[in-house]
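Structure record follows, encoded as structure tokens.
Here, residue 1 is the first one in the sequence, and each next residue gets the next number.
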Amino acid sequence: MIKSAVTIGKFDGCHLGHQVLLEDISGVSKSKGYRAVCCKLLMGGSRILSFDEGKKLVEEKFPEIKEMVPIQFTPEFAAMSPKEFVENILVKQYNVGYVAVGNDFRFGKDRAGDTDTLISLGREFDFEVNVIPKLKKDDEIVSSTRIKKHLASGEMKEADALLNYEYMISGSVEHGKKLGRSLGFPTINLIPGADKLLPRFGVYASKVQIGDKSYRGITNIGIRPSIDDGDTANVETFIYDFNDDIYGSWLEIIPETFIRSEMKFQSLDELKNQIDKDILAARNSEFTHQ
């Protein structure tokens, strides 16, 4: 079996700091002919990127990385000692020759292993370890926590700068209640997965990517208090000057500029008037976003 260059972590968002690790194993893959493997720990909770979104992003940005492997954080996995993890996963499954991790990397039962442990085990099992310091931007460590704070505030430009790509919500177009059509604003609806981290609920000027074509629109993210009684989040987008039937199509919604918070309206006329104002605000924001 060919040797592997491996990096391990949660990779929530595959942000700028994670991309340093991914770039590192890509370089080793090219220089040494190793297969490049990204081991992504799935530990529950909401994620900036779903696994499929992360896999697609990594394939596009780092073509040398052919494998993004999900590792479920099961009780059996959590019970492994640091040595058992290295021997059973890295050595036996991936024939590891090189590992790149961040300097805060911990592994094994009760997080007993650290980078010194990994380096020691690398000597025992004959693989190289590269410990990479945390990346800083604007004198602060780039982290998923920092990005999530920006998303929670609707600060998309700031979040995107730390991600090094545009935050997106992807999925297939679902049938909605068609209320928007009756108001003169036909919308497309996505229902994000339960583990997808959404930005601040409200209305955004947005970009819509359908295949290789890009469109402009306005997106409402939230529970639509004027329409629904439930608490399931919905992503609803009106695409300007667009009437194609795309039910079932896969697309990406890219919320770019926060316009306003969700509101509850007393009538459909009030809702329609507000949508007119939102579209005007969204179109005006496009000039400042460029």
Side-chain angles (χ1 to χ4, degrees), residues 1-74 76-78 80 85-86 88-102 104-108 118 127-132 134-135 142-145 147-148 151 159-160 162-172 192-197 209 250-252 254:
M1 183 193 303
I2 189 172
K3 282 193 173 293
S4 296
V6 178
T7 186
I8 314 152
K10 289 186 285 187
F11 292 96
D12 182 13
C14 292
H15 56 59
L16 267 172
H18 297 143
Q19 290 171 33
V20 174
L21 295 169
L22 297 168
E23 184 67 47
D24 186 70
I25 65 167
S26 294
V28 171
S29 172
K30 286 188 282 189
S31 65
K32 295 192 174 185
Y34 290 179
R35 62 195 268 231
V37 180
C38 173
C39 292
K40 179 177 171 65
L41 299 173
L42 302 180
M43 302 179 68
S46 58
R47 305 184 185 101
I48 297 168
L49 288 180
S50 70
F51 179 80
D52 288 340
E53 287 170 343
K55 188 172 186 293
K56 180 174 180 288
L57 180 80
V58 169
E59 287 173 350
E60 289 173 353
K61 281 186 170 288
F62 304 98
E64 293 82 14
I65 301 177
K66 307 298 184 186
E67 298 175 69
M68 187 169 182
V69 181
I71 297 180
Q72 297 288 345
F73 202 76
T74 61
E76 294 77 16
F77 179 83
M80 285 186 185
F85 169 76
V86 166
N88 294 335
I89 305 294
L90 297 184
V91 175
K92 291 183 178 178
Q93 291 190 26
Y94 298 109
N95 191 27
V96 65
Y98 181 94
V99 178
V101 293
D104 63 346
F105 180 69
R106 303 300 292 258
F107 66 109
L118 188 63
F127 60 85
E128 184 181 352
V129 176
N130 186 16
V131 178
I132 298 177
K134 289 288 187 179
L135 180 71
V142 176
S143 68
S144 298
T145 299
I147 294 164
K148 287 177 179 180
L151 292 175
D160 290 350
L162 298 176
L163 290 168
N164 196 34
Y165 61 86
E166 294 176 309
Y167 167 91
M168 90 291 286
I169 305 163
S170 65
S172 58
D195 62 348
K196 174 68 175 181
L197 181 79
Q209 195 69 36
W250 189 267
L251 50 75
E252 292 179 354
I254 299 162

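Distance check, rounded to the nearest 0.5 Å: CD1 of Ile8 to CG of Leu21 gives 10.0 Å. A distance of 12.0 Å separates OG in Ser170 from CD in Gln209, rounded to the nearest 0.5 Å. Between the CD1 atom of Ile48 and the NZ atom of Lys196 there is a distance of 8.5 Å, given to the nearest 0.5 Å. The CG atom of Leu41 lies 11.5 Å from the CG atom of Asp12; values are rounded to the nearest 0.5 Å. The CZ atom of Phe77 sits 10.5 Å away from the CD atom of Gln72 when rounded to the nearest 0.5 Å. The distance from the CG atom of Leu90 to the OG atom of Ser4 is 9.5 Å, given to the nearest 0.5 Å.
Residues Leu22 and Phe11 are in side-chain contact: their nearest non-hydrogen atoms beyond the backbone lie under 4.5 Å apart. You'll find the side chain of Tyr165 reaches within 4.5 Å of the side chain of Gln19, heavy atoms only.
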Next item on the list: In sequence, state the C-alpha distance, the side-chain angles, and the governing distance for Val91 and Val86, and then conclude on side chain to side chain contact (heavy atoms under 4.5 Å, CB included).
Entry: CA-CA 6 Å; Val91 175; Val86 166; 4.1 Å; yes
Next item on the list: Check step by step if side chain to side chain contact (heavy atoms under 4.5 Å, CB included) holds for Phe127 and Leu118.
Entry: CA-CA 10 Å; Phe127 60 85; Leu118 188 63; 4.2 Å; yes
Note to self: Does Gln93 form a side chain to side chain contact (heavy atoms under 4.5 Å, CB included) with Cys39? I'd like the steps, not just the answer.
What the structure shows: CA-CA 11 Å; Gln93 291 190 26; Cys39 292; over 6 Å; no
Next item on the list: Take Lys56 and Glu252 through the test side chain to side chain contact (heavy atoms under 4.5 Å, CB included) and record every step on the way to the result.
Entry: CA-CA 12 Å; Lys56 180 174 180 288; Glu252 292 179 354; 3.2 Å; yes
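Ring orientation note: the planes of Phe107 and Phe85 are tilted relative to one another, at an angle of 30° to 60°.
Evaluation of the side-chain hydrogen bond (donor to acceptor under 3.5 Å, both in side chains) rule for Tyr34 yields no partner, not counting sequence neighbours. Legend: residues meeting side chain to side chain contact (heavy atoms under 4.5 Å, CB included) with His15, ordered by chain and number and at least two apart, are His18, Val142, Ser144, Ile147, Leu163.
Note on Arg47 versus Asp195: salt bridge recorded, some NZ/NE/NH1/NH2 to OD/OE distance being below 4.0 Å.
Side chain of Lys55 to main chain of Met68: no donor-acceptor pair is present (N/O by atom type, distance under 3.5 Å, no hydrogens or angles). Put simply, the side chain of Ser29 never gets that close to the backbone of Ile25: no donor and acceptor are under 3.5 Å apart.
Closest approach of Gly13 to Leu57, counting heavy atoms only: O-CD2, 4.4 Å. Taking each heavy atom of Val96 and Lys3 in turn, the nearest pair found is O-NZ, 3.9 Å. Tyr94 and Ile89 make their closest contact through CD1-O, 3.3 Å (heavy atoms, listed as atom of the first residue, atom of the second, distance). Considering all non-hydrogen atoms of both residues, Gly33 and Ile2 come closest at O-CD1, 2.9 Å. When all heavy atoms are compared, the tightest approach of Lys61 to Asn164 is NZ-O, 3.3 Å. Here the shortest heavy-atom pairing between Tyr167 and Asp160 reads N-OD1, 2.9 Å.
Remark: Lys10 NZ is loosely packed, at most 12 non-hydrogen atoms of other residues, nucleotides or ligands lying under 6.0 Å away.
Pairs passing the salt bridge (Lys or Arg N to Asp or Glu O under 4.0 Å) check and including a residue from residues 23-36, sequence neighbours excluded, read Lys30-Glu64, Lys32-Glu128, Arg35-Glu67.
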